[in-house]
Amino acid sequence: MDVSFILDALNDKQREAVAAPLQNTLILAGAGSGKTRVLVHRIAWLMHAYEVSPFSIMAVTFTNKAAKEMQARIEQLVGLPPQGMWVGTFHSLAHRLLRAHWRDAGLKQNFQIMDSDDQLRLIKRIMREQNIDETRWPPKQVCWFINAQKDEGRRAAHVPPSNDPFSQGMHQLYYTYEEVCERTGVLDFGELLLRAHELLLNTPALLRHYQQRFVHVLVDEFQDTNTIQYAWLRLLVGDQGSITAVGDDDQSIYGWRGAKIENIQHFNKHFHDVSTIRLEQNYRSTGHILKAANGLIKNNDDRLGKELWTDSGEGEPISLYAGFNEQDEARFIISIIKKWRDDGTSLRDMAILYRSNAQSRVIEECLVREQIAYRIYGGHRFYDRLEIKNALAYARLGIDVNDDSAMERVINIPPRGIGERSIGTIRELARDQGCSMWQAAMEIVRQELLPARATNAIKAFLELIQGMQLTIQTDNLSLGDIFEQLIKEAGLIPYHEKEKGEKGAARVENLKELVNAASGFSWTQEDAEEEEYSSPMMAFLDQAVLDAGEAQADEYQDAIQLMTLHSAKGLEFPLVFLTGVEENLFPSRMSFEEPGRLEEERRLCYVGITRAMEKLYITYAESRRLHGSDSFNSPSRFINEIPPECLEEVRLRSQVSRPVSTQRPTFERPITRAAQLQGYQVPETNVSMGDRVNHPIFGEGLVVNYEGQGPQARVQVNFDDQGTKWLVLAFAKLEVLS
DNA sequence: CTGGCGGTTCTTTTT
DNA sequence: GAACCGCCAG
């Protein structure tokens, strides 16, 4: 068979990777080196050169988007959809295993998946039931704690005991949470992975079966695997199978979510006979951009080592712009955008990247003023939206009336006179009787345990849901029809129409979109053979949780792309703005404490730089209004780490052009805000950072921080013997000592 | 049960 | 600066 079409369009290294022998392979693929391409061609190569059946191939990604893209590209290259191949995210594959073997996994047949939002609600509910102080154990932190444990593959019983009451409380909550999930048959995201791992571990026959089946496992973005994902892979691959891992240790940016960069760093210790191939030729960016990226990332230790190169020329140097404040920064960016647009670049080819979402607002306002179309990535995904989740909850309740979390969500949406008191009574009764809220509600209606008004309201609700049950079970209704019907019965449209502002209208639109999505859902295409779904509705609900969908529908509109650096990974744009590149913001001040965090920030910066194809602008603001008060940050250390010859400073109103090198501050670590502000005068006052001051009551001290300006300015003074205090400058009679 | 007010918090977020 | 939460008054 002629297999040359698979290798023809590849460079030497790519070819080496694609045609690597059938053994464990690590492909270190730098940014823009054709990573996905290699993976897809490798699969085609296995099928054609080795006549591997698609049945024995599993390809794993992190995002649904990546999975879909891979699937599409395999089809394109091989010619037809590969029957029997498993391509999906870690979560969707785990889910598939669990649906097929729910009994072995110790699950209920109709187990439900909950997303992070449901999870947090559940935790709050549990804590309220147990009267746990939410200020001591903030539910968000509890949630974070549980997820972190699950990422590490630890059940409550595996969490090492601790002496301090705070950790003990967390631990105890994990136990309770686990028990509630078990009892009610709901699984969070982490649980999918944990269960799938345990399923294989505890069922040797099953493990053998899958090990024999999936002889070839391919993993994308390997640097982002966490402990449990890694354990699952190792188990599945076993001694006989082979794994092809593609990744880039320099682009590991999810450590804070449990990803272990060590997994890729120590790959060849854990898998045998590993051949490692480096893809370093970059097809994306200009020489200057790559040089900057290489120079920056060199400051990290413990790298597997890689240096990107290109043969397509130096290109323009990176432009560095120091904005006076965030407004000025935004104005500058938009002036450049206009220039490029007028020169014929599509808006969709330009991206503005930032470290944190809060930064987008100023830029958005500016774009709106200038009437430039933009699109924000991230934010709330389709199936995450409140109105959508409510509609889905009605469906869930219609399928299983004992689904308490669905019941909690919609029992009084739209408001129907079942208030917190009534719900509390239902909850309490359910708890006492050990039954579901539905059953408790039935009981209350039967025995009229509440005032007539409340009882009637509950009765009406129960009848509403019973009606929905019938709707869902009606045979000749399509999924879309069912949702249309449910939304109507629940009265969600008039409810949202009543909302003030644009919001309500958008929600009504989204509900219509949900009906559309449901109509278009094709269940038969899914490999239904192994999944024991009793209805298309069940399958639809699961996929709605696992694939939250695109954030915005108008994907093809020509618009500037705005996103966080995290969401930019994997994308590329001819023109890129890296904004807010200031100490405390990027690197984020949160990253200073824990070791290793700073390196992750640096990798994030590396990711940002390598998104740019032709031209990169780096901007920062000398003063920035964030969270309501002004901060004065120095330019990021990352700017210093970029080789000066790649950088060129621009000044719009250029009277003074400061040479880049002299303006660079030197950094001592740890950098405190006080150190940075040293000598800075609080605007419209006579006080500067670092001044020694005298206060009539507190005595002498040092000005270490401030916020606001002019009459509103407050300063933080570190008094010699009174500790630090915040004082309003206008009132405190501070005397500046020189 | 709803609406309004004040206090608090504020990195990133593939599933 | 705004979003979210909890508390209180109507």
Side-chain angles (χ1 to χ4, degrees), chain A residues 60-68 88-95 113-120 124 128 134-135 138-141 143-144 147 150-151 187-193 196 220-221 223-226 228-229 251-259 326 353-359 361-362 365 377-381 383-384 412 414-423 453-454 457 500 542-549 551 563-571 580 584-592 594 597 600-601 603-605 607-608 625-631:
Chain A
V60 196
T61 63
F62 278 84
T63 65
N64 289 295
K65 200 172 149 202
K68 279 176 204 152
T89 63
F90 276 101
H91 295 266
S92 72
L93 296 175
H95 173 237
I113 309 165
M114 57 180 168
D115 64 18
S116 1
D117 187 52
D118 301 327
Q119 190 187 19
L120 188 60
K124 282 186 187 161
R128 245 164 250 161
E134 294 189 16
T135 52
K140 269 196 186 138
Q141 276 192 50
C143 186
W144 177 83
N147 289 337
K150 291 196 176 193
D151 282 344
L187 276 66
D188 59 42
F189 288 135
E191 186 69 23
L192 288 171
L193 303 172
D220 193 16
E221 306 277 18
Q223 75 283 353
D224 291 333
T225 50
N226 64 27
I228 186 70
Q229 288 161 336
Q251 292 188 69
S252 163
I253 55 173
Y254 284 103
W256 51 275
R257 278 193 88 205
E326 76 283 353
L353 311 183
Y354 36 81
R355 176 68 241 263
S356 81
N357 284 310
Q359 288 167 251
R361 214 196 74 247
V362 179
E365 282 167 1
Y377 267 66
H380 268 191
R381 309 286 208 81
Y383 289 109
D384 282 346
N412 200 32
R416 49 172 69 88
I418 308 177
E420 205 39 54
R421 265 190 65 87
S422 311
I423 299 176
R453 203 162 67 146
K500 44 191 174 236
D542 273 356
Q543 85 106 43
V545 183
L546 285 173
D547 183 358
M563 66 192 86
T564 64
L565 285 152
H566 282 89
S567 17
K569 193 170 76 157
L571 305 176
N584 285 339
L585 202 63
F586 189 28
S588 158
R589 55 142 53 86
M590 310 296 217
S591 66
F592 293 154
E594 246 178 292
R597 278 280 197 251
E600 185 157 306
E601 295 281 313
R603 292 194 290 270
L604 193 55
C605 187
V607 167
R625 197 170 180 80
L626 207 60
H627 307 321
S629 61
D630 287 309
S631 53

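First the proteins, then the strands, lettered A, B, ... as listed; each starts at 1. Only a predicted model underlies this, so the values are computations on that prediction, with no experimental measurement involved.
- Proximity note for A/R361 (side chain, C-beta onward) versus B/dT12, C/dA2, B/dT15: the nearest is C/dA2.
- Residues passing the side chain to side chain contact (heavy atoms under 4.5 Å, CB included) test with A/S591 are A/P587, A/R597, A/L598, A/E601, sequence neighbours excluded.
- The side chain of A/T63 lies closest to B/dT14, out of B/dT13, C/dG6, B/dT14.
- Between the C1' atoms of C/dC5 and B/dT12, the separation comes to 23 Å (whole Å).
- At whole-Å resolution of the value, CG in A/D115 and P in B/dT15 are 11 Å apart.
- Of the listed nucleotides (B/dT12, B/dT15, C/dG1), C/dG1 has the atom at the smallest distance from the side chain of A/R625.
- Along DNA chain B, the nucleotide closest to A/H566 and the one closest to A/G190 are compared, and the more 5′ of them pairs with A/H566.
- A salt bridge is absent between A/E326 and A/R625; no separation between the charged side-chain nitrogens and carboxylate oxygens falls under 4.0 Å.
- One can place CG of A/D117 at 15 Å from P of B/dT15, the figure rounded to the nearest angstrom.
- Of all nucleotides listed (B/dT14, B/dT15, C/dC5), C/dC5 comes nearest to the side chain of A/K124.
- The distance between atom CG of A/D224 and atom C1' of B/dT14, rounded to the nearest whole Å, is 8 Å.
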Output one line per pair: protein atom, nucleotide atom from nucleotides 8-11 of chain B, and distance, for all N/O pairs under 3.5 Å.
none

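- The side-chain heavy atoms of A/D117 and A/D384, taken from C-beta on, include no pair separated by under 4.5 Å.
- With rounding to whole Å, A/D118 atom CG is found 13 Å from B/dT15 atom C1'.
- Distance CG (A/L626) to P (C/dA3): 14 Å, rounded to an integer number of Å.
- Distances shorter than 4.0 Å separate some side-chain N or O of A/T564 from OP1 or OP2 on B/dT13.
- When the C1' atom of B/dT13 is taken as reference, atom OH of A/Y377 falls 16 Å away, rounded to whole Å.
- In this structure, the side chains of A/E594 and A/W256 stay at 4.5 Å or more apart for every pair of heavy atoms.
- For C/dC4, neither phosphate oxygen OP1 nor OP2 lies less than 4.0 angstrom from any side-chain nitrogen or oxygen of A/K140.
- Rounding to whole angstrom units, CZ of residue A/F62 and P of B/dT15 are separated by 11 Å.
- Rounded to whole Å, the separation between the C1' atoms of B/dT11 and C/dG6 comes to 25 Å.
- Considering only heavy atoms from C-beta on, A/I253 stays 4.5 Å or farther from A/L565 through its side chain.
- Phosphate proximity of B/dT2 to A/N412: present, with a side-chain N or O under 4.0 Å from OP1 or OP2.
- Side-chain contact between A/L187 and A/M114 is absent, with no heavy-atom pair separated by less than 4.5 Å.
- Among the nucleotides B/dT15, B/dT12, C/dG6, the one closest to the side chain of A/R381 is B/dT15.
- When each of A/K569 and A/S422 is assigned the nucleotide of DNA chain B bearing its nearest heavy atom, the one mapping closer to the 5' terminus is A/S422.
- For A/K65 and B/dT15, the NZ to P distance is 10 Å, given to the nearest whole Å.
- For A/K569 and A/D224, the salt-bridge test passes: some basic side-chain N is under 4.0 Å from an acidic carboxylate O.
- A/L571 places a side-chain heavy atom less than 4.5 Å from the side chain of A/Y377.
- A/F90 comes within 4.0 angstrom of nothing in the nucleic acid, heavy atoms only.
- Applying the side chain to side chain contact (heavy atoms under 4.5 Å, CB included) rule to A/K140 yields the partners A/L120; only residues at least two apart in sequence or on another chain are considered.
- No engagement by A/L192 is indicated, since no non-hydrogen atom pair under 4.0 Å with the nucleic acid exists.
- Side-chain nitrogen and oxygen atoms of A/S116 include none within less than 4.0 Å of the OP1 or OP2 phosphate oxygen of B/dT13.
- Backbone-only engagement by A/S567 is indicated by non-hydrogen atom pairs under 4.0 Å involving sugar-phosphate atoms exclusively.
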